[in-house]
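Presented below is the structure to which this report refers.
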Amino acid sequence: MSEPGKPSQDLPTLKWTGEVDGHLELIDQTCLPGDLVIRDCRTVADVEQAICTLVVRGAPAIGIAAAYGVCLGLQAVELPSRAALFAQLDQVISQLAATRPTAVNLTWALERLRQAALALPSASDPQAIRQHLLAEARAIHDEDRRMCHAIGAYGAPLLAGLDGVLTHCNAGGLATAEFGTALAVIFATQRTQPKLRVFVDETRPLLQGSRLTAWELRQQGVDTTVICDSAAAHVMQAGLVQAVVTGADRIAANGDAANKIGTYGLAVAAAAHDIPFYIAAPSSTFDRSLSTGDQIPIEERAAAEVVGGWGRPTAPKDVAVYNPAFDVTPARLIRAIICEQGVIQPVTTAAIEQMFDCFEDI
Ligand code: MRU
């Protein structure tokens, strides 16, 4: 266990240690903010479990962890032929893809590794393929780092001059390679506006807002105030925030965006108060194969998260519980999407296509 309270920037959320025979180290996010614990993942099953139990969470971080998980899955197995290697690769990719359904960064990263393997000459030996896939996983990790910093730079002007901003769940360094998406915008703004006050929804049921976002913001000296999720509309009505910024787990071709449950309600409340609602997300979070957000799979999680999260029952035994982990905010409620190539505004299919056309030209 490391010392709690160390800046998250100094301690990476994810770290690959060693070369092809190395392993993945993760900050165990279930232990924060009380304890800063590092977990080693040495097998695919370790990574699978870490993703399912939210040891590592947040769309980009899940994708990066899964990419390294593929590398673990190709270690210490006999791969006598190309066919054997691809059979193992398929098996590992399916196992990791089944961990969480909503964040598209997971399947995006896994497909990138599959395509990287397929692109190699058929005569490549297993060790060369292992090295190539580790390089690809590292590239995904590095790219995410760069994307987060670019998102911060593009997003900060949108918060210029504001006194208060509201965020939900955790879209910070813990959810990405570093710096975050929504929190990147806040960190970049706070450099020139140190008085910016950030309201953080606690984010029921698992409290990613109060446990993780408040912890990260405080590490960086940001003026941070935690509120119950149900206080958000009141905070808007009281004029304490002039913008809302969150991350996303999957954005459809038309800009409808899935994010942590409660995000849609925030967007509705923001519209009612004429407050801009922004999504900050890298291109790896877009799923342009889905025309609208109603096609996004929504993860349902265990009832115990809702009725047993406080170490004792908080509802009658055996009561029915519905625990969707995400909801979809329609594009019409999103003022702009901030991504690594710029700000998409208005949020329409055409504007998103245009932004991707620019990416592809680079
Ligand atoms: O269930 P979680 O904690 O993985 O949900 C995470 C979120 O909803 C984040 O806002 C999203 O993944 C964006 S992370 C940059």
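Given the structure is predicted, the values throughout are model-derived calculations rather than measurements. Numbering starts at 1 and runs along the sequence shown. Every number for a ligand or one of its atoms is a count from 1 in the order of the listing.
When heavy-atom distances to ligand 1 are checked against a 4.0 Å cut-off, Lys260 comes that close through both its backbone and its side chain. At a heavy-atom cutoff of 4.0 Å, ligand 1 is contacted by both the backbone and the side chain of Ala171.
Protein heavy atom at the shortest distance from atom 12 (O) of ligand 1 is Ala59 N, 2.9 Å. Among all protein heavy atoms, the one lying closest to atom 3 (O) of ligand 1 is Arg57 NE, 2.6 Å. The protein heavy atom nearest to atom 7 (C) of ligand 1 is Asp249 OD1, 3.2 Å. Scanning the protein heavy atoms around atom 15 (C) of ligand 1, the nearest turns out to be Thr181 OG1, 3.2 Å. Looking only at protein heavy atoms, the nearest one to atom 10 (O) of ligand 1 is Asn259 OD1, 2.7 Å.
Interface atoms of ligand 1 facing Asn170, defined by a heavy-atom separation under 4.0 Å, are 9 (C), 10 (O), 14 (S). Every atom of ligand 1 with a heavy atom of Phe326 under 4.0 Å away is listed here by number and element: 1 (O), 5 (O), 8 (O). Contact atoms of ligand 1 toward Gln208: 1 (O), 2 (P), 3 (O) (distance under 4.0 Å to a heavy atom of the residue).
Within a 6.0 Å radius of CD in Glu300, other residues, nucleotides and ligands contribute more than 12 heavy atoms. For CZ of Phe199, the number of neighbouring non-hydrogen atoms (other residues, nucleotides, ligands) closer than 6.0 Å is greater than 12. Counting heavy-atom neighbours within 6.0 Å of Gln354 CD, excluding the residue itself, gives a total of 12 or less.
Ring centroid separation for the pair Tyr68 and His141 comes in under the 6.0 Å cut-off.
At least one heavy atom of Thr176 sits closer than 4.0 Å to an atom of ligand 1. Residue-ligand proximity: Ala248 is placed with a non-hydrogen atom under 4.0 Å from ligand 1. Taking a 4.0 Å cut-off on heavy atoms, Thr285 fails to register as neighbouring ligand 1. Within the 4.0 Å heavy-atom shell around ligand 1 one finds Pro60. Taking a 4.0 Å cut-off on heavy atoms, Arg100 registers as neighbouring ligand 1.
Remark: the backbone N or O of Gly164 is paired with a side-chain donor or acceptor of Gln242 at under 3.5 angstrom. A donor-acceptor pair under 3.5 Å links the side-chain atoms of Asp46 to the main chain of Thr43, judged by distance alone. Using modelled atom types, no side-chain atom of Thr99 and backbone atom of Glu48 make a donor-acceptor pair closer than 3.5 Å.
At least one N or O atom of Gly58 sits closer than 3.5 Å to an N or O atom of ligand 1. At under 3.5 Å, not a single nitrogen or oxygen of Ala175, backbone or side chain, sits near a nitrogen or oxygen of ligand 1. Considering both main-chain and side-chain atoms, His168 never comes within under 3.5 Å of ligand 1 through any nitrogen or oxygen pair.
Taking the centre and axis of the six-membered ring of Phe286, the NZ or CZ atom of Arg250 falls outside the cone set by 45° and 6.0 Å.
Under the 4.5 Å side-chain contact rule for hydrophobic residues, Ile93 and Val56 share a cluster.
For the pair Lys260 and Glu299, the salt-bridge criterion is not met [side-chain N within less than 4.0 Å of a carboxylate O]. The pair Glu136-Arg130 does not meet the salt-bridge criterion, since no charged nitrogen lies less than 4.0 angstrom from a carboxylate oxygen.
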